[in-house]
Amino acid sequence: MCGIVAYTGKQPAREPLVEGLKRLEYRGYDSSGIAILTSPPYWVRTVGKVDALERRVWQDSPAGTVGIAHTRWATHGKPSEANAHPHIDCTGKVYLAHNGIIENYLLLKKRLASSGHSFRSETDTEVLAHLIESLYQGNLEAAVQRALLQVQGTFGLAVLHAAHPDEIIVARRGSPIVLGVGVGECFAASDASALARHTDQVVYLEDNEVARLEPGRFSITTLDNRAVSREATTLEAGAGAIERGPYEHFMLKEIFEQPEAVENALRGRINHAEGVAKLGGLESVEERLQQARHLIVVSCGTSYYAGLFARYAFETLTDLTVETELASEFRYRKLNLRQNTVVLAISQSGETADTLAALREAKRKGATVLGLVNVVGSTIARETHAGVYSHAGIEVGVASTKSFVSQIIILTLMALLIGRNRDISYEEGARLLEGLENLPDQIRETLQQSGHIRELAQKYCGFSHFLYIGRKYQYPIALEGALKLKEIAYIHAEGYAAGEMKHGPIALVDPAFPTMAIAPEDGSYEKMMSNVQEIRARDGHVIAITTAGNAKLEHLVDDVIEVPRNHDLLMPALTVVPLQLFAYHCAVLRGCDVDKPRNLAKSVTVE
Ligand code: G6P
């Protein structure tokens, strides 16, 4: 989703700005732009990849040392130069880049237009530039504060004014802004990866705060101009590490990083002696977890499917009643939270707008709110009562892969931690821990089949429709596998609980509608076989994912992919891997932009 980079310092701003935008490309965008304070100000916007903007900027070589830049993911108005940010006011002095949505923009626009302001774009953002212009009386920070007090909606904002040659004003409500403090220079960005190459000293802005940046220093106030004092913190090592290495795409690299992602998720979190998990991030809420009766898991996208897995994992290992809910639905429900309800928000980015809103709603209603988040220091991580980091490392590919596997692992650890204090035995705990520790090598073994899976992709990537089916622990994996194929290969795929097949999707089955059956030899295997038979009886092609050594399947289905055997509950961490590879190879063979699929964004910071 939209990205912001801002720089004020001694070097030409064009370099950190363009470089920062390139590091934000993974978030997904459709146009970009830059403004640098020269005389007159330098202002360029282009549609499409940042490369086009970069060529223009290198050609023009603007010399100014203060500037802002933006990648836009269209919400109000189609992708075009006129709608790209930064936007300007009538005088051409105010330059503004914005993430988020101004909900009352029509009202503000009408008012401003009637007092003589003329608009150049269809965006909600442009209204802000004119509003600031109308309130400016020589102090840019004060004008931004006053303007934002009139705004309903969300914003991460960076503003320049031609009469303030060293200064950048940034502000936040709902959309993240992080400041970076260097020697004689200051940065701001919507994501720390855009500034991590330049400084590891960062300050996270909170909602309804405004910051004034000058070379080497910053100050923070609230919208109503109360001073806020906040020290810079040190960014975790590796936050800027987004190199592709020998891999053709980030997604492939991240699929192959999954064994290490699991090792990182487990590191220091296993207590063999007692057959239990150790999760330092939950110690502060230990007592509340002891008393918990009801768990609600909220999340979006791939994290939602991790949430569906959580339902099975917590029900298997604990006596909690568990509900999994899409954050976008949860936030608008009338919540009748029972006493001793814990709400768990799962998010890779820690910034997803709906998940954040859902957790705030749950907090308001008095629930204990936990987070399972990958990005350290992100908003969800900061707003929950307690939580656990996935430690999957930065994930660049828009389609989430290693984060999902890490989430499954940590959800299992959380369920084990709670379950061992209730009715899970030492033996059961120890067996699960052993299974968890076997996973990294088993994922390595599964990854070796990438060549075989590519051959299958060659055979099937021309189909326009797919059905993915699974039961119990494999049901969320069927949904996740289908999502991967839709997201990056643009192939229509229906994920279904295999038991529901007869209630609709079987009507679609014919030789042009193949099925991916996720059928390890677990407690649901026989039932899955009946579903496979039903599909074969209707001339549907079937690819089956099953456990190694299961010879019975070969004559029944068209193609088989084998994964090693583990605890039933842990099999999803293995069966999902071939599905990621299958989607990846199909996408490459179909010529799709794997890491930046059309219309999608890595971090969805608007509702
Ligand atoms: C976007 C991404 C998905 C991700 C979802 C939830 O749609 O493209 O990959 O699963 O957001 O994001 P989160 O960061 O909250 O896990």
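The figures that follow rest on heavy atoms only: side chains count, while hydrogens, waters and symmetry mates do not. Keep in mind the model is a prediction, meaning the values are calculated, not measured. Counting starts at 1 for both ligands and their atoms, following the listed order.
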For the residue pair F187 and H198, categorise the inter-ring angle as parallel (less than 30°), tilted (30 to 60°) or perpendicular (more than 60°). parallel

Decide, yes or no, whether a salt bridge links K253 with E260 under the criterion of side-chain N to carboxylate O below 4.0 Å. no

Using a strict cut-off of 4.0 Å, indicate which atoms of ligand 1 neighbour a heavy atom of Q348. 13 (P), 14 (O), 15 (O), 16 (O)

Quick one: is the NZ or CZ of K402 closer than 6.0 Å to the six-membered ring centre of F256, and within 45° of its axis? no

Students should be able to answer this: which protein heavy-atom is nearest to atom 10 (O) of ligand 1, and at what distance? T302 N, 3.0 Å

Would Q407 count as being in polar contact with ligand 1, using the rule that some N or O on each side must be under 3.5 angstrom apart? no

Please check this pair: side chain of E209 against backbone of E206, looking for a donor-acceptor N/O pair closer than 3.5 Å. yes

Students should be able to answer this: which protein heavy-atom is nearest to atom 12 (O) of ligand 1, and at what distance? T352 OG1, 3.3 Å

Which residue and atom name correspond to the protein heavy atom nearest atom 6 (C) of ligand 1, and how close is it? C300 O, 3.4 Å

Report the nearest protein non-hydrogen atom to atom 16 (O) of ligand 1: residue, atom name, distance rounded to 0.1 Å. S303 OG, 2.6 Å

Taking the six-membered ring for Trp, are H391 and Y389 parallel (under 30°), tilted (30 to 60°) or perpendicular (over 60°)? tilted

List ligand 1 atoms under 4.0 Å from S347, heavy atoms only on the residue side. 13 (P), 14 (O), 15 (O), 16 (O)

Heavy atom of A601, distance to ligand 1 below 4.0 Å: yes

R598 NZ/CZ over Y490 ring centroid, <6.0 Å and within 45° of normal: yes

Pairs of nitrogen or oxygen atoms closer than 3.5 Å, one from T355 and one from ligand 1: do any exist? no

With a cut-off of 4.0 Å, which atoms of ligand 1 are near a heavy atom of S400? 9 (O)

Run I394 and S193 through side-chain contact (heavy atoms from CB on, under 4.5 Å) and show every step you take. CA-CA 9 Å; I394 190 160; S193 62; 3.9 Å; yes

Just say parallel, tilted or perpendicular for the rings of H492 and H465, cut-offs at 30° and 60°. perpendicular

Output the list of atoms in ligand 1 that are nearer than 4.0 Å to some heavy atom of V604, sorted by atom number. 1 (C), 7 (O)

Mark the output for L600 as yes if a heavy-atom distance to ligand 1 is under 4.0 Å, and as no if none is. no

Under 30°, 30 to 60°, or over 60°: which ring-plane class applies to Y475 and Y312, parallel, tilted or perpendicular? perpendicular

Closest to atom 9 (O) of ligand 1 by heavy-atom distance, out of L356, V398, V375, V373, is V398

